[in-house]
Amino acid sequence: MLQSHFIIEFQKYLLKWYKENRRDLPWRRTVDPYYIWISEVMLQQTQVDTVIPYYEKFITHYPTMHALAQAPQEEVLKHWEGLGYYSRARNLQAGVREVVENYDAQIPSDRKTLLNVKGIGPYTAGAILSIAYQKPEPAVDGNVMRVLSRIFQIDEDITKAKTRKTFEQLVYTLIPEDDASPFNQGLMELGALICKPKTPLCEACPLSHLCQARQAGKQTDYPVKSKKLKQKGIHYVAVVLQDDQGRYLIQQRPSEGLLAGFWEFPLQEISASTDEVLPSAEQFIEETFGTLSIKWSVCEETAQHIFSHLKWQLNVVQGKVLSGQVPSLQEKPMRWIAETELKDYPFPVPQQKIMKIARIAY
DNA sequence: TAATCGTGGCA
DNA sequence: TTGCCAAGATT
């Protein structure tokens, strides 16, 4: 059990350090729960410098919850393009619609209700409650677990879901009643700027005199986390097809799963060898349109894209339809679009790499 | 619980 | 180059 003088000491040094060292970030110039919500979702598993331009653009386009609620989903995805983890965008919009419809556009201020809103989990709920509503609630992210696991030499594996609860209980004992926002943000800022994963700057740390790992010289042994497996490799051929008018064939991905709802040049999975590249492309066209007269060229350059759990190897084949008539597409989620229209569709990064290889402007 | 879901930075 | 890492949520 922690003694009260330790807790007071912890709060005092952390709050003083945060007050003097906090970065001036766009979302720190407001306490509007809607803007805090957007920033927290964008910051999930994403670095601050990456988020800043997306945040600025997003709140300009969707300054109110009503604006976001009424926007077409594909337009929202377009604004999220390149930021990754696209279910965040769909869930954010779904959550905002829930709040507009069920709570008269007032974001709930209690944890239980907040957790029922789409896209809001334990961390984001705590962040909104503490930062926007000044409530003494924990907001435990990777920074907080790293900082606290070092200070208290906590050995639990932070990759396990239930470990977060251990840290939440600890934060409940540490967090000050009246300074919840700077306390939570201070813990995260300390993790980001000082208590870094590889090379913690303990000499500059305001809590080093309270840190057990530091006293034991074992800072980099914490946090404890199990290793993750290597990405599984998959080989594809991207089929870049143009009709006689120079339009490109693009296809929409399914509404669930990887890169849901995004557009792409049709991908055909192949086994590793390159001698399958052209036959696979031809097979795709055969299955989609039947027999067509096409002038093919195989691109020498290939692309690679690494996801959290997958590694794509991409070959590119370009084809031009020689005959005038292209069969109709029926119910397939495909379209023929002009090169100038590509910019109106959301394309994920691997597709942008394919465009570069195929020398298509985007 | 464990797997899924992006992308860019960095040692 | 490779692996790790970043203000996690969902299923």
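So you know, we letter chains A, B, ... as the sequences are listed, proteins then strands, and number each from 1.
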- Query: Checking all strands, does A:L25 fall into the base, sugar-phosphate, or nothing category for heavy-atom contacts under 4.0 angstrom?
  - Reply: base
- Using a strict 4.0 Å threshold on nitrogen-to-oxygen distance, state whether A:K78 and A:E81 make a salt bridge. yes
- Message: At 4.0 Å (heavy atoms only), tell me whether A:S39 reaches a base, stays on the sugar-phosphate, or touches nothing.
- Response: nothing
- Message: Using a 4.0 Å heavy-atom cut-off, does A:D49 contact any base of the nucleic acid, only the sugar-phosphate backbone, or nothing at all?
- Response: nothing
- Query: Do A:R253 and A:L258 touch side chain to side chain, with heavy atoms closer than 4.5 Å?
  - Reply: yes
- Query: Where each residue is assigned the nucleotide of DNA chain C containing its nearest heavy atom, which of A:Q231 and A:S308 is assigned the position nearer the 5′ end?
  - Reply: A:Q231
- Query: Would you say A:L174 and A:L148 make side-chain contact, with heavy atoms under 4.5 Å?
  - Reply: yes
- Item | First-last contacting nucleotides on DNA chain B - partner chain A, under 4.0 angstrom, heavy atom | B:dT1 to B:dG9
- Reckon A:L83 touches a base, only the sugar-phosphate, or nothing at all at heavy-atom distances under 4.0 Å? base
- Task: Give one of base, sugar-phosphate or nothing for A:A161, where a contact means two heavy atoms less than 4.0 Å apart.
- Result: sugar-phosphate
- Using the P atom as the reference point in each nucleotide, state the distance between B:dC5 and C:dA7 in Å, no decimals. 23 Å
- Item | 5' priority, DNA chain C, between A:K118 and A:R28 [closest heavy atom] | A:R28
- Query: Going by an N to O cut-off under 4.0 Å, is there a salt bridge joining A:E101 and A:R97?
  - Reply: no
- Task: Assign A:G257 to base, sugar-phosphate, or nothing according to its heavy-atom contacts below 4.0 angstrom with the strands shown.
- Result: sugar-phosphate
- Query: If you look at every strand shown and take non-hydrogen atoms under 4.0 Å, does A:W27 touch a base, only sugar-phosphate, or nothing?
  - Reply: base
- Note on the structure: Heavy-atom nearest nucleotide on DNA chain B taken for A:Q45 and for A:K160; more 5' hit belongs to A:K160
- Give the intermediate values and the outcome of side chain to side chain donor-acceptor pair (under 3.5 Å) for residues A:Y345 and A:Q252. CA-CA 10 Å; A:Y345 291 78; A:Q252 191 171 30; over 6 Å; no
- Task: Take atom P in C:dT11 and the same atom in B:dG6, then report the distance between them in whole Å.
- Result: 14 Å
- Check: A:T173 and A:F10 side chains under 4.5 Å, non-hydrogen atoms: no
- Query: Using 4.0 Å as the upper bound for N to carboxylate O, is an ion pair formed by A:K118 and A:E98?
  - Reply: no
- Query: So which of residues 194-205 of chain A are in contact with DNA chain C, with a heavy-atom cut-off of under 4.0 Å?
  - Reply: A:P197, A:K198
- Please list, in 5' to 3' order, the outermost nucleotides of DNA chain C lying under 4.0 Å from any heavy atom of chain A. C:dG3 to C:dT11
- Message: Under the criterion side chain to side chain donor-acceptor pair (under 3.5 Å), I'd like the reasoning laid out for A:Q44 against A:E40: C-alpha separation, chi angles, the key distance, then a yes or no.
- Response: CA-CA 6 Å; A:Q44 290 166 11; A:E40 292 302 341; over 6 Å; no
- Message: Can you confirm if the aromatic rings of A:F58 and A:W80 lie within a centre distance of less than 6.0 Å?
- Response: yes
- Message: Once you measure the plane-to-plane angle for A:F262 and A:Y86, does it fall in the parallel (<30°), tilted (30-60°) or perpendicular (>60°) bin?
- Response: tilted
- Message: Rounding to an integer number of angstrom, what distance separates C:dC4 and B:dA3 when you compare their P atoms?
- Response: 16 Å
- Query: Contact class for A:L310 vs. all strands (heavy atom < 4.0 Å): base, sugar-phosphate, or nothing?
  - Reply: nothing
- Message: Can you tell me how the ring of A:F307 sits relative to the ring of A:H305, calling it parallel under 30°, perpendicular over 60° and tilted otherwise?
- Response: perpendicular
- Task: Over 60° means perpendicular and under 30° means parallel, so classify the ring planes of A:Y55 and A:Y35, tilted if in between.
- Result: perpendicular
